[in-house]
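The structure under discussion appears below in the form of structure tokens.
Order of listing sets the numbers, starting from 1, for every ligand and every atom in it. Counting from 1, the numbers follow the sequence of the chain as shown. Please read these numbers as outputs of a predicted model, since none were measured by experiment.
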Amino acid sequence: MNRDQLIDACGRHWNPSAALMYRLAHRSVESHASGACVFDEDGRRYLDFACSYGVFIVGHCNPAVQARVLAQVGQAPAAPYGAAHPTCAAFMRKLASMLPGDLSRVFFANSGAEVSEMTMRAVLAAQAPRRRIVVIRNSYHGKTLGALNLLGQEGHRQPFLPLMDDVVFVPFGDIAAMRKAVGEGAAAVFLEPILGGPFLQTPPAGYVPSTAELCQRTGTLLVADEIQTAFGRCGRMFAIDEYPNVRPDVVLLSKGITGGHSSMAVAVFSETLVQRIDAIPGLPARFLASDSGGSPFACAAGLAAIEYIESNALHERAQVLGTRLLAGLRRVAERYPALVLDAPGTALMSGLKVRNPAVETAIAAGLSRLGVHAGHSLNEKAPHPVLRFYPPLTVTNEEIDEVLHALDLVMNGLSRRAIWTFDVSDQLVRRLYQLPPQLLYKLAGVKPN
Ligand SMILES: Cc1ncc(COP(=O)(O)O)c(C=O)c1O
């Protein structure tokens, strides 16, 4: 399949607006990948600082992880639900040994949305009659119908309203708002310890511990969504490791968990919470089970990826390399304040907060032309989206410098354009998303099926 045929197939069978973007931006088509690099069908190399928003944490096609995955495929890639498999047991034991307190009960699924939803069911069951769930505005916990209730990004929820009416959204970092929303006690607080997505934001000092203390005092369950932050991305194995006294009741993990070798998500519950759930009469026996989640294949990948991170101290490396990356991004923010408002983040979870989505697209497209992939938010509704720089934790100083050099060239070029052109193209792109599908097909050069 050549590039044109591939884009045509994507337009027909998947997403005509994405196909149009691929065509207009002359986006490359990925053929293979290794370490921090992906290669297109012509063999051109791109540095992957998007990493599917943090999935390829140990580098693409990490040979150490691949060897373990292949060995597992040869033995038993899948096992019936409920079968005790040594690879899965070793993986669960490993997670429990890494997490604080009595976070030791592992519930498997395949996607982040599933574990968010599974956790909603658990907290509503355990905390009945309490039903109020407190969520951070602009947070992201997945898009299945249940998880949508918790989605802090309004645009995703709007078409499906009315949703659960007992969900309260509060601004990230505002402890007074959190206190007000929790009141005498809610069922749960769902919190990304570092707010990810297109709104990347680190918390003010004391915010996470104060929220944890509030939850403990009011009997509110604390759910830490570490789907983006975990396994070294933020310079620690988990973002909550920064706070020795913070003991969430549930931790959600996915994305980097297998280094991109298999899809997997887990909700790790405290033993105390599971005991409370177990004591509830009338709950179906397999109330939190997933038949396809947690296969030996996925667990082998997870175990190998985590051991690779540990043995190479990639989380510590992320801290050091992240300082270099973030310093470079901050220089860009200082030099081009009309286009770049800030360079938020920590370690290798960083980005550029930009003037508007058109600026984000212009920088991402410019970088792509110079052989760099950055994590485009694909969020035309965020007023000032963050273009993310989430390289694999195996990235080198030289690769970071190469990206910063490319960024300098791109910004230099963009700064010569009149600012109003970005504002106008921002309005045009917003309208593009609202075009009728038939017109999109036409623009994308795709014949509808
Ligand atoms: C913090 C967070 N939670 C949940 C999710 C949902 O994960 P999934 O896309 O696998 O459903 C994501 C995905 O980006 C995420 O970043």
Side-chain angles (χ1 to χ4, degrees), residues 15 50-57 107-123 133-153 155-157 160 167 169 172 188-203 208 211 222-234 236 238-240 248 250-268 290 292-295 298 301-302 305 344-351 374-379 381-382 385-390:
N15 185 338
C51 257
S52 205
Y53 309 112
V55 169
F56 301 102
I57 207 156
F107 296 91
F108 288 106
N110 293 293
S111 69
E114 269 179 278
V115 286
S116 299
E117 204 163 318
M118 181 193 276
T119 305
M120 283 173 76
R121 271 184 284 138
V123 300
I133 299 183
V134 182
V135 187
I136 302 300
R137 195 171 299 147
N138 291 332
S139 62
Y140 190 89
H141 302 289
K143 287 200 288 273
T144 52
L145 195 53
L148 266 186
N149 287 285
L150 305 185
L151 223 161
Q153 298 177 21
H156 290 294
R157 293 161 44 84
F160 304 98
V167 177
F169 295 92
F172 185 69
V189 169
F190 278 65
L191 178 70
E192 291 176 72
I194 296 169
L195 185 62
F199 301 91
L200 180 58
Q201 216 178 319
T202 47
V208 175
T211 302
L222 178 61
V223 181
D225 182 341
E226 292 242 19
I227 285 174
Q228 263 185 58
T229 46
F231 304 114
R233 167 77 40 213
C234 64
R236 293 183 162 79
F238 302 103
I240 51 167
V250 182
V251 172
L252 307 181
L253 303 168
S254 186
K255 285 211 187 293
I257 195 166
T258 67
H261 295 82
S262 168
S263 52
M264 174 157 66
V266 297
V268 187
S290 154
S292 57
S295 64
T346 181
L348 291 175
M349 183 175 183
S350 54
H376 194 295
S377 71
L378 300 175
N379 190 326
K381 298 228 162 74
V386 175
L387 177 66
R388 276 168 283 173
F389 290 76
Y390 282 19

**OP:** Report yes if the side chains of Ile133 and Leu150 come closer than 4.5 Å at any heavy-atom pair, otherwise no.
**Re:** yes
Original post:
Do side-chain atoms of Glu226 reach the backbone of Pro193 as a donor and acceptor pair under 3.5 angstrom?
Top reply: no
**OP:** Would you check if the side chain of Arg233 reaches a backbone N or O of Ile57 as a donor-acceptor pair within less than 3.5 Å?
**Re:** no
Subject >> Modelled atom types, side-chain donor and acceptor of Gln228 and Tyr390, under 3.5 Å >> reply: yes
Which pairs of N or O atoms, one from ligand 1 and one from the protein, are separated by less than 3.5 Å, and what is the distance for each pair?
residue	atom	partner	partner atom	Å
ligand 1	3 (N)	Tyr140	O	3.0
ligand 1	3 (N)	Asp225	OD1	3.4
ligand 1	3 (N)	Asp225	OD2	2.7
ligand 1	7 (O)	Gly112	N	3.4
ligand 1	10 (O)	Gly112	N	2.8
ligand 1	11 (O)	Gly112	N	3.3
ligand 1	11 (O)	Ala113	N	2.8
ligand 1	14 (O)	Lys255	NZ	3.0
ligand 1	16 (O)	Gln228	NE2	2.8

Subject >> Residues Ile227, Leu253; criterion side-chain contact (heavy atoms from CB on, under 4.5 Å); working and verdict >> reply: CA-CA 4 Å; Ile227 285 174; Leu253 303 168; 5.6 Å; no
**OP:** Classify the side-chain pair Asp225/Ser139 by whether it contains a donor and acceptor separated by less than 3.5 Å.
**Re:** no
